[in-house]
A.B. asks: 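I'd like to ask you about the structure that follows.
Bear in mind the structure is a predicted one, so any value in this text is a computation, not a measurement.
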Amino acid sequence: MHFDINQFIEQYGYLAVVIGCIAEGETFALLGGVMAHEKLLRYSGVVLAVMLGGFLGDQLLYYIGRHFGSRILRRFKKHQGKLKRANRMIRRYPVLFIIGVRFMYGFRVIGPIIIGASRLSPLKFIIFNAIGAFIWSLVFVTLGYFAGEMITPWLHRLDHHLKHLLWLAAAVAFVLLLRLTFRRWSRRRDD
């Protein structure tokens with residue numbers, strides 16, 4: 001079965017954008033902007049939907065961090081230095097960190113968990129998370145809106161070729177799995 005993001009947004013509109021931004025923000029924010037450019041959705045509605053989805057997703061991650069953060073973060077043994085630096089930044093510049101975390105590559109998901117684990121006030125997080133979500137939604141929806149002319153034909157081509165790429169990836173994965181299985185079987189036989 002093939003999942004078409006464009007069709008999902010066309011069919012469910014703003015609700016699809018909200019759900020998509022909870023799960024995978026930037027893609028849905030950009031596509032929402034493209035849909036607004038194509039006059040399938042209103043620009044202001046997309047900005048609000050993206051903001052709501054981004055806000056809710058980060059709130060959820062913040063509360064996960066608040067309740068389970070120390071256990072989750074202990075599992076990132078290789079990244080303890082980065083986590084300590086992030087905690088120092090949260091203590092020194094909490095407002096900037098909350099607003100900027102959604103723009104930091106590699107911190108989009110883990111950032112709100114780190115903030116929650118740092119025991120930063122829930123009220124402070126709610127206020128600045130809303131501000132950050134608004135700025136983020138405005139930036140990405142606007143990018144999608146103005147890039148709509150360029151992106152729309154590219155998305156249609158990608159959608160057309162995506163099936164072929166997925167089949168190719170599945171075939172390569174199958175060959176690699178067979179190779180791994182054969183190697184393990186050969187080692188057991190040799191032992």
Side-chain angles (χ1 to χ4, degrees), residues 5 8-9 12-37 41-148 150-151 155:
I5 293 175
F8 180 64
I9 294 174
Y12 296 103
Y14 302 109
L15 178 61
V17 173
V18 171
I19 292 168
C21 286
I22 290 172
E24 205 303 307
E26 285 81 5
T27 303
F28 278 84
L30 288 168
L31 288 175
V34 171
M35 296 293 182
H37 179 268
L41 299 172
R42 287 188 19 223
Y43 175 83
S44 59
V46 173
V47 169
L48 290 174
V50 167
M51 179 186 167
L52 180 62
F55 173 80
L56 291 174
D58 283 5
Q59 282 301 131
L60 177 65
L61 292 170
Y62 169 82
Y63 283 110
I64 288 171
R66 195 152 173 86
H67 296 286
F68 308 106
S70 56
R71 276 189 272 169
I72 293 170
L73 297 176
R74 268 188 251 130
R75 294 177 184 225
F76 294 93
K77 292 183 189 331
K78 293 180 184 177
H79 303 287
Q80 291 304 310
K82 290 179 185 175
L83 294 173
K84 286 178 184 174
R85 281 193 301 274
N87 271 311
R88 280 194 302 270
M89 285 179 64
I90 292 167
R91 282 192 297 279
R92 291 181 79 187
Y93 311 106
V95 172
L96 290 176
F97 196 87
I98 295 167
I99 291 173
V101 74
R102 58 183 25 96
F103 294 99
M104 293 180 207
Y105 180 76
F107 275 89
R108 177 76 180 96
V109 173
I110 197 73
I113 293 174
I114 296 169
I115 296 168
S118 77
R119 310 311 280 172
L120 186 82
S121 151
L123 180 60
K124 189 174 212 171
F125 185 77
I126 287 171
I127 292 167
F128 293 105
N129 182 30
I131 292 168
F134 176 70
I135 294 168
W136 174 78
S137 69
L138 208 54
V139 168
F140 279 92
V141 172
T142 302
L143 282 173
Y145 186 87
F146 286 116
M150 274 185 340
I151 291 174
L155 286 175

A.B. asks: When you compare the side chain of I98 with that of L120, does any pair of heavy atoms fall below 4.5 Å?
C.D. replies: yes

A.B. asks: Check the pair V101, I114 against side-chain contact (heavy atoms from CB on, under 4.5 Å), reporting the backbone distance first and the verdict last.
C.D. replies: CA-CA 10 Å; V101 74; I114 296 169; over 6 Å; no

A.B. asks: Show every salt bridge (Lys or Arg N to Asp or Glu O under 4.0 Å) that has at least one partner inside residues 84-95, sequence neighbours left out.
C.D. replies: none

A.B. asks: In Å, rounded to the nearest 0.5 Å, how long is the span from OG of S70 to CZ of R119?
C.D. replies: 8.5 Å

A.B. asks: Would you compute the distance between atom CZ of F97 and atom CE of M104 and round it to the nearest 0.5 angstrom?
C.D. replies: 4.5 Å

A.B. asks: With I126, which residues qualify under side-chain contact (heavy atoms from CB on, under 4.5 Å), at least two apart?
C.D. replies: F55, Q59, Y63

A.B. asks: Just list the side-chain donor-acceptor pairs under 3.5 Å for residues 136-147, sequence neighbours left out, or say none.
C.D. replies:
unit_1	atom_1	unit_2	atom_2	d
W136	NE1	E26	OE2	3.4
S137	OG	V47	O	3.4
S137	OG	A133	O	3.2
S137	OG	F134	O	2.9
T142	OG1	Y43	OH	2.5
T142	OG1	L138	O	2.5

A.B. asks: Among all residues two or more places apart in sequence or in another chain, which pass the ring pair (Phe, Tyr, Trp, His ring centres under 6.0 Å) test with Y62?
C.D. replies: F125

A.B. asks: If you round to the nearest 0.5 Å, how far is CE of M35 from CZ of F28?
C.D. replies: 9.5 Å

A.B. asks: L52: which residues meet the side-chain contact (heavy atoms from CB on, under 4.5 Å) condition with it, sequence neighbours left out?
C.D. replies: V18, L56

A.B. asks: Would you call V17 and L41 a side-chain contact if the rule is heavy atoms closer than 4.5 Å?
C.D. replies: yes

A.B. asks: Rounded to the nearest 0.5 Å, what separates atom CG in L60 from atom CD1 in I22?
C.D. replies: 8.0 Å

A.B. asks: So, do V34 and L30 sit near enough that their side-chain heavy atoms are less than 4.5 Å apart?
C.D. replies: no

A.B. asks: Pairs in or reaching into residues 46-67: which pass salt bridge (Lys or Arg N to Asp or Glu O under 4.0 Å), with residues at least two apart or in two chains?
C.D. replies: D58-R102, D58-R108

